Amino acid sequence: MTDFTMNTDADGVAVITWDTVGKSMNVMSQQGFADLDALVGQALADDAVKGIVITSGKDGSFAGGMDLNIIARMRDEGDDPAKGIFDGVMQMHGVLRRIERAGMDPKTLKGGKPIAAALPGTALGIGLEIPLACHRIFAADNPKAKIGLPEIMVGIFPGAGGTTRISRKLGAMAASPLLLQGKLNDPKGAQRAGIVDEVVAPEELLEKAKAWVLQAKDADIVKPWDQKGYKMPGGAPYHPAGFMTFVGASAMVNGNTMGVYPAAKALLSAVYEGALVPFDTALKIEARWFTHVLLNPSSSAMIRSLFINKEALEKGANRPDVADQKVKQVGVIGAGMMGAGIALVSALAGIKVVLIDAKQEAADKGKSYTADYMDKGISRKKATPEKKEQVLGLIEATTDYAALKDCDLIVEAVFEDMGVKADVTQKVQAVTGPDCIFATNTSTLPITELAEAATDAEKFIGIHFFSPVDKMNLVEIIRGKATGDVAVAKALDFVRQIRKTPIVVNDARFFYANRCIIPYINEGIRMVKEGVAPALIENAAKLVGMPLGPLQLVDETSIDLGVKIAKATKAAMGDAYPDGEVDEVLFWMADRGRMGRKSKSGFYAYDDAGKRQGLWDELGDKYPVAEEQPDLVTVQHRLLFAQVLEAVRALEDGVLTDIREGDVGAILGWGFAPWSGGPFSWLDIIGAPYAAERCDQLQERFGDRFACPDLLRDMADKGQSFYGRFGPEAEDAA
Ligand code: NAD
């Protein structure tokens, strides 16, 4: 069966319909391209055909893009992957160029047949690159549809002519949000941006596209770049305005990516170099840069973590096989910062919420968080007053525990105190039914111990949100010793309803994310104590792709929280506690009232409005900067190894059971260098033998916290990779 079919109507318009077998949205494969090419060729050769409309057989969408599974594997295929990729991409260009030229005489530009794209809805990636090669793009007026080129979000860039065509169509400046940020538009927005030509009523889509095809003249189907004297809108690089654009774009891209995302740089090079040469040569340049990006391990690691594995986890890759556990009514206890956010995201997903706090004012304040959020949405035209009323109508703010009686899930977010949480658990369970699952949002208390207060530990679980709840997409689900499968399924189904990404981990100190992020912060603070320049620490982190340096991060999360965690950890670990050096700095800051952003003073200085200014100069009076400074890579490796070794230990200890969760969780949870695909992907990129060797060197210079975990040593000895040994395709995968 082929994904493309063609029917020619009585007027002589051949309609090619794309309908990928077995998928809800079209995705492109190599075979698909060959089939499309064959049908276009057939239509162009057929005298009875006057023109072509390319559309989709899927309701509400044209195509979701290229099959990324295929792209992620390309760099490992064949004896000469670079040549294989380049030749494959050039073949794609050939197909799309044949569509664009449509049989016209390249000299006279006459005699071609008009080809229109008719998009019923969403058109992403290759799903827009094909229409861009057509002569006119019609889109159904479907406000839910998303149109754009989001490739950059997964570490690649549009490589089927989309980069070259969109920059020539709109100019480099106007194309930059689409290409560099992967900005998506609805159909009307896409028309305003100049991407789509006409937005029409969905039921008229085909009719309008056919009518255009039948009346189009020779001149209507020649692309500007195929006409003599074409000039790039906004100017090519040697035009004064174009020059300014490219200089600015280059600085902006490097500033935003810190040079660690190969795709952004390559994309810019493809646009810049392509703008200096004729169109067909530009396509070749695009293909070269695209090949270059695909050969970089960062692209396949990003695709794997940010697309393939993220989606697999969202679809329930690790969900126990029990009946649907969709949440009907959730009780949120504690309407503080976290509880208010949890109530908001639940109500936005259409779930009824009972929001409880000790005082009515506190409960009301928690609910007002949703009102404020919706008001912001209204002012940005993303929500309506009716929607606000509807969402607020789902939240009942009260102090009365009896209101919880019909809830099938409770998420507790009261003070981080064992006794308070135990008391709340009992009060809740006095009114809820026997099937209600009780979840705690604790960040530091052991789930297994908290479960002791529950009537049934099997129905007790951790659902750990990150702050701010509405922005952070990761949710860490924690299984206590006695947590049952139904509770895990309930938590996963809830996370799916609120459209976030879950990871499921076992109970241990700090679970997974905080377990890895604390050593990162501590390593940064330890370096301050040693006399490493704070600016070097912060910039080293950013230059390796961390969104925040460790000192900024501790300022954001607050220094008193750091002190609290340090004290609790020390009390629990006794003599084995390794972070005395760190505490000296942290406690010294706290003693001076420098609590971070919230006190407008921390490792950074802030102005009166709380805006971060720069690193706090006087820190050097107490911790002078040493004359000799370490090299950049040493600082970066200390910061990265501090995190990834903890991830490996979490895997060794059985806290993590799936490295996909370790990678996806790290990127979404604390922004671990996304270009790397996550801690395990990074270790695979540098290779276990080198990683083990580096551990030995770091251990010798800086201490036992860098000791190579047995697992990593074993993998180094055997020449294994994490995805080879533990990935879903590994033979011995658990
Ligand atoms: P918060 O102080 O902002 O809110 C706690 C709320 O619980 C307050 O409104 C308080 O009045 C209410 N409360 C206290 N005792 C209560 C009781 N007996 N009955 C009803 N309500 C009661 O705290 P928060 O930052 O929202 O944190 C809440 C929980 O979430 C903690 O367990 C914390 O560890 C966890 N958590 C916090 C973050 C974060 O970044 N703040 C992130 C993840 C998890």
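Numbers for residues simply follow the sequence, beginning at 1. All figures in this text were calculated on a predicted structure; none of them were measured in a lab. Each ligand, and each atom within it, is numbered from 1 in the order the structure gives.
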For [atom], tell me which residue out of [options] has the closest non-hydrogen atom.
atom: atom 25 (O) of ligand 1; options: Lys427, Glu556, Met338; answer: Met338
atom: atom 5 (C) of ligand 1; options: Ala413, Ala335, Gly334, Ala340; answer: Ala413
atom: atom 12 (C) of ligand 1; options: Ile333, Val414, Asp357; answer: Asp357
atom: atom 17 (C) of ligand 1; options: Ile463, Leu445, Thr557, Val424; answer: Val424

- Check: Trp670 ring centre within less than 6.0 Å of Tyr520 ring centre: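 Centroid distance Trp670-Tyr520: not below 6.0 Å, so no.
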
- Using non-hydrogen atoms of the residue, decide whether Ala358 is closer than 4.0 angstrom to ligand 1. yes

- Task: Could you establish whether Lys421 and ligand 1 come within less than 4.0 Å of each other, counting only heavy atoms on the residue side?
- Result: yes

How far is [atom] from its nearest protein heavy atom, and which residue and atom name does that atom have?
atom: atom 41 (N) of ligand 1; answer: Met337 CE, 3.1 Å
atom: atom 30 (O) of ligand 1; answer: Asn441 ND2, 3.0 Å
atom: atom 2 (O) of ligand 1; answer: Phe415 CE2, 3.5 Å

- Might you point out which heavy atoms bring Asn318 and Glu661 nearest each other, and give the distance in Å? ND2-OE2, 3.0 Å

- Might you point out which heavy atoms bring Thr448 and Gly480 nearest each other, and give the distance in Å? OG1-CA, 3.6 Å

- In terms of the angle between their ring planes, are Phe465 and Phe494 parallel, tilted or perpendicular, with boundaries placed at 30° and 60°?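 The arrangement is perpendicular - the two ring planes meet at more than 60°.
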
Ligand-residue contact atoms, ligand 1 with [X], heavy atoms, under 4.0 Å:
X: Tyr401; result: 19 (N), 20 (C)
X: Ser443; result: 33 (C), 34 (O), 35 (C), 36 (N), 37 (C), 43 (C), 44 (C)
X: Gly336; result: 3 (O), 4 (O), 6 (C), 9 (O), 26 (O)
X: His464; result: 43 (C), 44 (C)

- Per-residue contact class, Phe466 against ligand 1 - non-hydrogen pairs under 4.0 Å: neither

- Do the numbers put Lys500 on top of the ring of Phe466, so that NZ or CZ is under 6.0 Å from the six-membered ring centre and no more than 45° off the axis? no

- For ligand 1, find out whether one of its N or O atoms is nearer than 3.5 Å to an N or O atom of Glu416.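 Glu416 vs ligand 1: N/O contact under 3.5 Å present.
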
- Item | Test of proximity, Thr442 against ligand 1: N or O pairs below 3.5 Å |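 Such a contact does not occur with ligand 1.
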
- Message: As a test of understanding, state which of Asn473, Asn309, Thr501 forms a side-chain hydrogen bond (donor to acceptor under 3.5 Å, both in side chains) with Glu314.
- Response: Thr501

